[in-house]
Amino acid sequence: MKASQLFYPTLREVPSEAEIVSHQLLLRAGFIRKTTAGVYTYLPLAQRVLKKITDIVREEMNRAGGQEIMMPIIQPRELWEKSGRWSLYGEEMFKLNDRHQREFALGPTHEELITTLVDSDVHSYKGLPLLLYQIQNKYRDEIRPRFGLMRGREFIMKDLYSFDIDYEGLDESYQKMHHAYQRIYERLELDYRVVQADSGAIGGNESHEFMVLAETGESEIVYCSLCDYAANVEKAVCLAEENPPARKEYKSLTKVHTPGQKTIKDIVGFLDIPEQQQIKTLMYMKDDELIAAIVRGDRDLNEIKLKNLIGGNQLFMADEATVKSICGAGFGSLGPVGMKVKIYIDLEVAQMRNFACGANEDDYHYTNVNIGRDFAPFAVVDIRNAVEGDRCPCCEGSLKTIRGIEVGHIFKLGTRYSEALEATFLDSHGQEKPLVMGCYGIGISRTMAAAVEQNSDENGILWPLPIAPFQVIIVPVNIKNQEQKDLAESIYNELTAKGIEVLLDDRDERAGVKFKDADLIGIPLRITIGPKSLQENKIEMKKRWEKENTLVDISAVTKTVLDIVLE
RNA sequence: CGGGAUGUAGCGCAGUUUGGUAGCGCGUCUGGUUCGGGACCAGAAGGCCGCAGGUUCAAAUCCUGUCAUCCCGACCA
């Protein structure tokens, strides 16, 4: 490709709307342009990168036995009513009506559609297992689209769905996908980690996330410094302290007047009691029942763990009026002593002695509260967020935290959808059974952004070779010089003939401009043709991730490039 | 959905306080000189000042509404 023909409008300045590196660089380097909030046009360079990513994904899906299909983006409401997700997904779905006022949604995902498809055309265990996938645009009307391609409202996803006759089959399919995913991220040359994850609203029991490591990642991951345990903080298991500090004596319960003191920090200052010696009482509505959840003053409650533990359809924070009417005090003055509702306390809290909390009376707190003597918890459970330094749940190591971008997520769905949608098959005994399903997603467009997020410097992007839009860029310092021009073209032709993807910067621009653009768009290998080295019959070769040039004999250029690209 | 901010040329911004014929830098086009890390000189094009109302002799500027974009939050009391 000749640069003079390529549409890649680069920008000198950073568009003001872009906050994170990947967004800024993809805009500046002419890869994407915004159409509206969370919706982007992919320009030629991005399209090339996306194609490379999807090619790798496709190859690995096919290798694992997947078959590619294409499904509609427009999906009828009835399908979503059947699975119960029309209201569950709610505002997250783009909805539209046709001229007859029939209702549709733009597919945020395709479980409903594919389950229905497989149900209507697979009737026997003989047709199973079946692995089908699609690579398409999906739509989610995010509360707040942000960070460019990271959290868009329209995005490209690969989703594979597995259908098996039983849970053993599902385990096998799941393992296949797990391996395929590892191969994919290794081939993409991204620094990633597999973590245990919560399966969230999609349902199912086992689940792993594939995280590209990056400071700006939206997810926090904990991992063990000794073994290979790694989990999303949402999921990470917290253990009770094995050797709790020597049990102090119970001091007597004291009620203290604390006018206007509401937060944990207020009490630290007012009563001189450290956060770790206080407890935090959070009130939730589990469907129609008010409950209390308690963690140590310096900890964060993990709502997902709480929800998973106590069940119920919906769990949300109670509003202050409700709390006041039942507990007698507003937020900031709550505590378990004398509280009438079910109280769930964190494992860690169970080991505390003589702590402080609200007295269920505005402007009063208790100090020297003790479990058993002063109140009785309904259950002692793991409901806090893991933090750095916690003990590993699998070994003696301690946990560390790191941030990552979720680029892949695999779930064991089981029969959640096949039962709701009555998708069954006949087994070898002629018994009708629900299909056992798994679902395996990769955010393709997000992976592109994550690659940039992880690989850039002050001059621009550093694409990993396997997904770079071009592998080599040739920069003749002065295109008007016939000797440089001829040599550039002959190297270009030779490399192209060998199947290398080459961008020839044949623009009549100053050398500096061409170097800047080459760095910005992030081509891994640069060949510079200029008078300095031409005298010696050499060209300069520079790897994007290295500082220095190396001189290469003109006769050896092709071989040198092939060695690097094919390594 | 709550809070905050911003909409002025393709991009980045000033001008708004104190109303008086719309500016700067980059980019773009023409000509020339240049030519190894975003050149220089000369010239030029390009704006319904987000949109709609209102106040005024006069509105980018004041008022009302509306739309859009971005940031923070939307559980940690």
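Just the heavy atoms: all of them, side chains too, but no hydrogens, waters or symmetry mates, feed the values below. Since we're looking at a predicted model, the values are computed, not measured.
- Residue A:Arg28 is classed as a base contact, given a heavy-atom separation below 4.0 Å to a base.
- Formation of a donor-acceptor pair under 3.5 Å by the A:Lys262 side chain with backbone atoms of A:Phe331 is found in this model.
- Residue A:Thr281 is classed as a base contact, given a heavy-atom separation below 4.0 Å to a base.
- Atom C1' of nucleotide B:C1 and atom CD of A:Glu91 are separated by 10 Å, given to the nearest angstrom.
- When each of B:G27, B:U69, B:C76 is scored by its nearest atom to the side-chain atoms of A:Arg12, the top-ranked nucleotide is B:G27.
- Comparing B:C48 with B:A52, their P atoms are spaced 12 Å from each other, to the whole Å.
- Across all strands shown, B:U64 forms a Watson-Crick or G-U wobble pair, both distances under 3.5 Å, with B:A52.
- Note that A:Lys95 lies outside the cation-pi zone of A:Tyr89, set by a 6.0 Å cut-off to the ring centre and a 45° limit from the axis.
- One N or O donor and one acceptor, one from the side chain of A:Asp517 and one from the base of B:G38, sit under 3.5 Å apart.
- Annotation: proximity of residues 258-273 of chain A to RNA chain B (heavy atom, distance under 4.0 Å) is found for A:Lys262, A:Thr263, A:Ile264, numbered in ascending order.
- Comparing B:G12, B:C70, B:A77 against the side chain of A:Lys34 picks out B:C70 as the nearest.
- Rounded to an integer number of Å, the gap from A:Lys532 NZ to B:G37 C1' is 10 Å.
- RNA chain B is contacted by both A:Glu303 and A:Lys542; A:Lys542 maps to the nucleotide lying nearer its 5′ end (nearest heavy atom per residue).
- Across all strands shown, B:A77 has no partner, as no Watson-Crick or G-U wobble contact with both distances under 3.5 Å is found.
- Using Watson-Crick or G-U wobble geometry with both donor-acceptor distances under 3.5 Å, B:C70 finds its partner in B:G4.
- For A:Ile143, whose side chain is taken as the heavy atoms from C-beta onward, the closest listed nucleotide among B:A77, B:G36, B:A74 is B:A74.
- As judged by a 4.0 angstrom heavy-atom cut-off over every strand, A:Lys514 is placed among residues making no nucleic acid contact.
- Using a 4.0 Å heavy-atom criterion, one finds that A:Arg146 contacts the sugar-phosphate atoms exclusively.
- Taking the P atoms as reference points, B:C35 lies 34 Å from B:C11, given to the whole Å.
- B:C26 and B:A42 have their P atoms separated by 12 Å, given to the nearest Å.
- Residue contacts for A:Val475: at a heavy-atom cut-off of 4.0 Å it reaches no nucleic acid atom on any strand shown.
- When the C1' atom is compared between B:C70 and B:G23, the two are found 25 Å apart, to the nearest whole Å.
- One can find a donor-acceptor pair under 3.5 Å joining the base of B:G25 and the side-chain atoms of A:Glu13.
- Distances shown here put every side-chain N or O of A:Ser16 at or beyond 4.0 Å from the OP1 or OP2 atom of B:C70.
- Atom P of B:C63 sits at a distance of 9 Å from the matching atom of B:U17, rounded to the whole Å.
- Rounded to whole angstrom, the span from the CD1 atom of A:Ile474 across to the C1' atom of B:G36 amounts to 17 Å.
- Residue A:Lys516 is the one, among A:Gly297 and A:Lys516, whose nearest nucleotide of RNA chain B lies closer to the 5' end (criterion: closest heavy atom).
- Across all strands shown, B:C41 is found opposite B:G31 as a Watson-Crick or G-U wobble partner, with both distances under 3.5 Å.
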Would A:Phe375 and A:Ile343 count as a side-chain contact (heavy atoms from CB on, under 4.5 Å) if you check the C-alpha gap in whole Å, the side-chain angles of each, and the deciding distance to 0.1 Å? CA-CA 9 Å; A:Phe375 73 96; A:Ile343 299 169; 4.2 Å; yes
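- Of the P atoms belonging to B:G54 and B:U28, the separation is 43 Å, rounded to the nearest Å.
- Shown here is A:Asp272, whose CG atom has no more than 12 heavy atoms of other residues, nucleotides or ligands within 6.0 Å.
- If you take CG of A:Leu334 and P of B:C76, they are 14 Å apart, rounded to a whole angstrom.
- Within 4.0 Å (heavy atoms only), A:Pro531 reaches at least one base atom of the nucleic acid.
- Nearest nucleotide to the side chain of A:Val513, out of B:C70, B:G12, B:A39: B:A39.
- B:A77 atom C1' lies 13 Å from atom CD of A:Glu275, rounded to whole Å.
- Going from atom CD of A:Gln484 over to atom C1' of B:G36 covers 9 Å, rounded to whole Å.
- In this structure, CG of A:Leu520 is placed 14 Å from P of B:G38, rounded to the nearest angstrom.
- Judged by Watson-Crick or G-U wobble contacts below 3.5 Å, the nucleotide B:G12 has B:C24 as its partner.
- Between B:G20 and B:C13, the two C1' atoms lie 24 Å apart (nearest whole Å).
- Base contact: A:Asp519 has a heavy atom under 4.0 Å from a base atom.
- Checked by atom type and distance alone, the side chain of A:Lys305 pairs as donor or acceptor with a backbone atom of A:Ala236 at under 3.5 Å.
- When atom types are taken as modelled, the side chain of A:Gln278 and the backbone of A:Phe355 share no donor-acceptor pair closer than 3.5 angstrom.
- The side chain of A:Leu282 has B:A77 as its nearest neighbour among B:C70, B:A39, B:A77.
- With sequence neighbours excluded, the residues satisfying side chain to side chain donor-acceptor pair (under 3.5 Å) with A:Arg299 are A:Glu348.
- The aromatic rings of A:Phe31 and A:Trp463 lie tilted to each other, with the angle between the two planes from 30° to 60°.
- Side chains of A:Glu540 and A:Thr528: no donor on one and acceptor on the other come within 3.5 Å.
- Base pairing analysis places B:A58 opposite nothing; no Watson-Crick or G-U wobble pair with both distances below 3.5 Å involves it.
- If you check the side chains of A:Asp266 and A:Thr263, you find a donor sitting under 3.5 Å from an acceptor.
- When heavy atoms are screened at a 4.0 angstrom cut-off, A:Arg526 is found touching base atoms of the nucleic acid.
- Of the P atoms belonging to B:U61 and B:U16, the separation is 12 Å, rounded to the nearest Å.
- Atom CD of A:Glu509 and atom P of B:G38 are 13 Å apart (whole Å).
- Side-chain contact annotation: A:Glu289 with A:Tyr284, donor-acceptor N/O pair under 3.5 Å absent.
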